[in-house]
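Residue numbering restarts at 1 for every chain, and letters A, B, ... go by the order of the sequence lines. Both backbone and side-chain heavy atoms feed into the values below; hydrogens, waters and symmetry mates do not. What you are looking at is a predicted structure, and each value in this text was computed from that prediction instead of being measured.
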There are 2 protein chains.
Amino acid sequence: MGFCIQITVNEKLYLKNPQETKLGKKIIEHSILMIDKMGIECFNFKKLAEEIQCTEASVYRYFENKNYLLMYLVTWYWEWIKFQIEFRTTNMPDPRAKLRVIIAILVESSLANEIIEYVDESALHRIVITESAKTYRTKKVQDHNEEGFYFHYKSLCRKISDIILEINPKYCYPRALAGNLVETALLQVFYARNLPSLSDVSSGKDVLCQVKTFLYHIAFSLLDEKAVFQNTVNCSTNGRNNK
Amino acid sequence: MGFCIQITVNEKLYLKNPQETKLGKKIIEHSILMIDKMGIECFNFKKLAEEIQCTEASVYRYFENKNYLLMYLVTWYWEWIKFQIEFRTTNMPDPRAKLRVIIAILVESSLANEIIEYVDESALHRIVITESAKTYRTKKVQDHNEEGFYFHYKSLCRKISDIILEINPKYCYPRALAGNLVETALLQVFYARNLPSLSDVSSGKDVLCQVKTFLYHIAFSLLDEKAVFQNTVNCSTNGRNNK
DNA sequence: TTAAAATGATAGCATTACTATCATTTTATT
DNA sequence: AATAAAATGATAGTAATGCTATCATTTTAA
């Protein structure tokens, strides 16, 4: 009844599609909960198998190892974010309004938490915040990139940078700004929760809202800048002078 | 002859100070080269011991494990950056000029590469770019924070945020901006080198310089913004409207 | 010269990260 | 309902990893 969303990710990330079987969904469901609880370092397939009462071998039939599983989860998350952006910005004529919605989704998406029954989006958001850097900051980036593992993340950034260019077609750093917004959305929430002295959020109030406000500030200050920045600035000064 | 810089880091990060013995320095020197080459995942103490012709047990006498060693190296790096900032900004009256120097150091520090003989600062910079997130994005952040492992990073960010406030005393997000500058300095270089479609640098020209220019743009656009941002913005709109 | 500190040499052990094989159960097809 | 195919279970095993412990030897400092 009603409609149903299927989120699909790069097939090379899994050996057998976990979304097509009961056990597969159980693997997704409980790996999210367990990684959220214990962190990817302490998590392993043996513990997961025990938790969901199956054999270790069965888990290995779905994923090569826990790193692929993590990559799968993170990729799934970005695809889910893209879906939400698509869904909530269609028919919006104003690109500025779009960007505001996107920022809100990046920060607060995890609050809306009942779309896919076997995925705890809040927990997954925490995983992405804490662990996602491990999926691409590695010596294997190049290989993983060739396999297309970052396709979903890239297309998200691409979507954001297109909107940035709608707002300000002369803006010089659309892609860098897009990536910066996405990463800052993660990092500032992480700081606010774990190392508050590195953030400016006051822990009393709503943390996510404050991060959102900071992102609005970054985005619109940079895009509204009167003087479009020149990429041809003299680089040889090495920061020693000030003009 | 001349003078000598000693960079000291939190004592809890090592079992025996590697800077005080010949073997210790060899451990630092070659671990930097090896982690740079193979990444922290493939690196281990057995390989390191083989490389420098000592026993595995000897390495374990200096560091509990490779994660502590990584944390030590990253911490050392931030302390080294702080020293350079101290050194190159003293007696500068203009805080804007200071911030420009800091940004240049964050991006290009590794080019000046002959200060401490057993540390390859270029390689260390690459390690910090690729691996540093693993030192704090972990379930153990809280514990590590209590041990003071992030003291050096925090004091760097503090130093930067103080200068930000000198430039614009009313600025609402001095710490978040400081952290953002530091992290963006790492991330954009990583992207430019590994996933260029996520950055706006043209690979032909000097990558570091372009990243520097981007950071100048962020810093001074945000700080020069006429309307100081209000932290009391209405958060309940959830990005759905645009006023 | 002698004690202390550092390192070497060797051994061992529990855990991890898989892989392989064959048996059993579940599911889909006709 | 019969049967093939797919999925999972059960079990076993192996190579590598990440240490720790012990005692001998060398180097360094007093």
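- Atom CG in A/L15 sits about 13 Å away from atom P in C/dA20, given to the nearest Å.
- Atom CZ in A/F43 sits about 16 Å away from atom C1' in C/dT15, given to the nearest Å.
- Checking C/dT19, D/dA7, C/dT7 against the side-chain heavy atoms of A/K16 singles out D/dA7 as nearest.
- Nucleic acid contact for B/E20: none, since no nucleic acid atom lies under 4.0 Å from a heavy atom of the residue.
- With D/dG18, D/dT11, D/dT8 as the choices, the nucleotide that has an atom nearest any side-chain atom of A/L23 turns out to be D/dT8.
- The nearest whole Å value for the distance from the CD1 atom in B/I27 to the C1' atom in C/dT7 is 11 Å.
- For the pair B/Y60 and D/dA21, the criterion of a side-chain N or O lying under 4.0 Å from OP1 or OP2 is not met.
- Tested against A/Y118 for a side chain to side chain contact (heavy atoms under 4.5 Å, CB included), the candidates A/H30, A/K26, A/K25 yield a single pass: A/K25.
- At least one side-chain heavy atom of B/C54 sits less than 4.5 Å from a side-chain heavy atom of B/V59.
- Under the side chain to side chain donor-acceptor pair (under 3.5 Å) test applied with A/K82, the options A/E86, A/E79, A/Q84 reduce to a single match, A/E79.
- Rounded to a whole Å, the NZ atom of A/K25 is 14 Å from the P atom of D/dA7.
- Rounding to whole angstrom units, NZ of residue A/K26 and C1' of D/dT8 are separated by 12 Å.
- Looking only at atom types and distance, the side chain of B/N10 has no donor-acceptor partner in the side chain of B/E147 under 3.5 Å away.
- Of the candidate nucleotides C/dC18, D/dG18, D/dA10, D/dA10 has the atom lying nearest to any side-chain atom of A/A57.
- Nearest nucleotide to the side chain of B/K66, out of D/dG18, D/dA7, C/dA9: D/dG18.
- If you measure from atom CG of B/L69 to atom P of D/dC19, you get 12 Å, rounded to the nearest angstrom.
- Ranking C/dC18, D/dT17, D/dG9 by closeness to the A/E56 side chain, first place goes to C/dC18.
- Counting any heavy atom pair closer than 4.0 Å across all strands shown, B/Y62 reaches sugar-phosphate atoms only and no base atom.
- When ring centroids are compared, B/H125 and B/Y77 come within the 6.0 Å threshold.
- Picking from C/dG8, D/dA7, D/dA10 the nucleotide with the shortest atom distance to the side chain of B/S58 gives C/dG8.
- If you take CD of B/E41 and P of C/dT16, they are 18 Å apart, rounded to a whole angstrom.
- If you take OH of B/Y68 and P of D/dC19, they are 10 Å apart, rounded to a whole angstrom.
- Taken residue by residue, residues 46-55 of chain A places heavy atoms nearer than 4.0 Å to DNA chain D at A/Q53, A/C54, A/T55.
- Other residues, nucleotides and ligands contribute at most 12 non-hydrogen atoms within 6.0 Å of the CZ atom of A/R158.
- In this model, no donor atom of one side chain and acceptor atom of the other lie less than 3.5 Å apart for A/K140 and A/N145.
- With D/dG9, C/dT7, C/dT10 as the choices, the nucleotide that has an atom nearest any side-chain atom of A/R61 turns out to be D/dG9.
- Aromatic rings from A/Y68 and A/F63 are positioned such that their centres are separated by 6.0 Å or more.
- Remark on DNA chain D: of its neighbouring residues B/K22 and B/N65, the 5'-side contact belongs to B/N65, judged by nearest-heavy-atom nucleotide.
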